[in-house]
A.B. asks: 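First, the structure itself, so that you have it in front of you.
Keep in mind the model is a prediction, meaning the values are calculated, not measured.
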Amino acid sequence: MSPSRGCGGAWVILCAFPAWRPRMSSRLPEPSADERTHSDRLLTQLREEIAAHGAMPFSQYMERCLYAPGLGYYSAGKTKFGEAGDFITAPELGDLFARCVVNATYPVFELLGEEADFLELGGGSGAFAEAALKAFAKAGTLPRRYLILEPSADLRERQRERLSAELPGEVFARVSWLDRPPEQDWRGVLFANEVIDALPTTRFAMRAGEVYEEYVALDGEGRLMRVDRPADMLVSGAVRHVERDLETTFPDGYRSEVLPQLPYWIQAIAGSLNAGLMLFVDYGYVRREFYQPERNDGTLMAHYRHRAHSDPLYLPGLNDLTASVDFTALAEAGNGAGFGVAGYLSQAQFLIGSGLQDAFESAYEEAGDETARYRLAQEVKKLTLPDQMGERFQAMLFARNMEVLPLPAELLEADQGDRL
């Protein structure tokens, strides 16, 4: 879903540094023979592309690792979510997260009427859609259509199987899948959980006061290596904008991430939403916290079998590669696309303000035994505690062409938009 920029193979490599593979991989689980074969196929493809066209921007490398047809992390058949995968998202913990999102957004459907739709970006395992549709049905405010924008054919099929098995036929009939954003104008709610962190990110570095961009190249033995090259105007302009906003200059050696394509991406996925609400939940920081001096190697992480490591070149195609979100940049991109920021707060504050207590009490009463009740209590802790997801994850809401802002009062009162 994100644009890739071309690479200029004629540029001179000015700085190169090896991957961190030996130190990082020693403590990671050993991949199976099939997994190694799968990774080697993608590695061969990457080598051939670099050999033919020159070093590729890291953002392009990340895009290939995540989304290359049949080989990328999100395009292949390996389980991604839950205990059997590489990480657990909020919807995988249980239904409480989805119930709170529905509590916060169903008034939008009451206000906009029967023509309003719900669009989920990246449906994951389908857990969120299942819980949300059941909650919408219980509230009596089912959207006209529940759309899932899912570029991965494999994940789309898994979602279809799950939802067709778990939802009543009349509810499942409202679900449809998209492989590109809606082109016709629509009204309703756009929701994305842990999507922006997976957008292919640009890595930059400062050298002698100039902006450089990180690329992936081949060393003399055909192994992947990371190199720095002078940044083009798009990347350099994005970094200089951050410096101006922070009223600072990044020191030499400072390395981090930036998403110069974010304004174009927001316009692409939400430009046709002419009335309604957008909700993004992800891990990240406001800009002044994102670019702290001590965070001088950025936020890029790889996730493999529930272990986080910092070598993006290790086993390409088998790792989820992510970078934290600059929520100030997200606010700027939303504003630029014609939306107003309606709220910014931690995940814990968002869930509490969206009726988490009532959702928990209702689920607790419905629980069949003490084991189920214990799981509910653990779910609340993981969603809200500061050292779990509660403070690491943030929620940002945008609105456009809404006569009133139909959000819970408790949620509006917890807004921390002034931190942006």
A.B. asks: Does one side chain, of S125 or Q159, offer a donor that lies under 3.5 Å from an acceptor on the other?
C.D. replies: no

A.B. asks: Is the side chain of D369 donor-acceptor paired with the backbone N or O of R373 at a distance under 3.5 Å, no angle test?
C.D. replies: no

A.B. asks: Do Y74 and D154 get their side chains close enough for a donor-acceptor pair, meaning under 3.5 Å?
C.D. replies: no

A.B. asks: Yes or no on side-chain hydrogen bond (donor to acceptor under 3.5 Å, both in side chains) for Q416 and Q394, after CA distance, side-chain angles and deciding distance?
C.D. replies: CA-CA 10 Å; Q416 296 185 5; Q394 312 291 309; over 6 Å; no

A.B. asks: Show, in sequence, the C-alpha distance, side-chain angles and deciding distance for F327 and L420, and conclude whether the side-chain contact (heavy atoms from CB on, under 4.5 Å) test is met.
C.D. replies: CA-CA 7 Å; F327 276 93; L420 294 168; 4.3 Å; yes

A.B. asks: Between R229 and E213, does at least one N-O distance fall below 4.0 Å, as a salt bridge requires?
C.D. replies: no

A.B. asks: Evaluate the side-chain proximity of V189 to L119: yes if any heavy-atom separation is below 4.5 Å, no if none is.
C.D. replies: no

A.B. asks: Examine the side chains of T384 and Q347 and answer whether a donor and an acceptor come within less than 3.5 Å of each other.
C.D. replies: no

A.B. asks: We want to know whether T322 and Y283 form a side-chain donor-acceptor pair, criterion being a heavy-atom distance below 3.5 angstrom.
C.D. replies: yes

A.B. asks: Given salt bridge (Lys or Arg N to Asp or Glu O under 4.0 Å), test D228 with R207 step by step and report yes or no.
C.D. replies: CA-CA 10 Å; D228 289 337; R207 298 190 178 279; 2.9 Å; yes

A.B. asks: Between R156 and E150, is there a salt bridge with N-O shorter than 4.0 Å?
C.D. replies: no

A.B. asks: Looking at T328 and R287, would you say the former's side chain and the latter's main chain have a donor-acceptor pair under 3.5 Å?
C.D. replies: yes

A.B. asks: Strictly below 4.0 Å, N to O, side chains only: are R375 and E379 in salt-bridge contact?
C.D. replies: no

A.B. asks: Answer whether the closest heavy-atom distance between the side chains of S346 and F393 falls below 4.5 Å.
C.D. replies: no

A.B. asks: For the atom pair CG (L351) and CG (L411), what is the distance rounded to the nearest 0.5 Å?
C.D. replies: 9.5 Å

A.B. asks: Considering non-hydrogen atoms only, spot the tightest contact between G70 and S75 and give its length.
C.D. replies: N-CB, 3.7 Å

A.B. asks: Going through the checks in order, is the side-chain contact (heavy atoms from CB on, under 4.5 Å) test met by L43 and L224?
C.D. replies: CA-CA 9 Å; L43 185 57; L224 297 180; 3.5 Å; yes

A.B. asks: Mind telling me whether Y314 and H309 have parallel, tilted or perpendicular rings, with 30° and 60° as the class edges?
C.D. replies: perpendicular

A.B. asks: F136 and F109: aromatic ring centres closer than 6.0 Å?
C.D. replies: yes

A.B. asks: Can you name the nearest heavy-atom pair linking L163 to G126, along with the distance?
C.D. replies: CD2-O, 3.7 Å

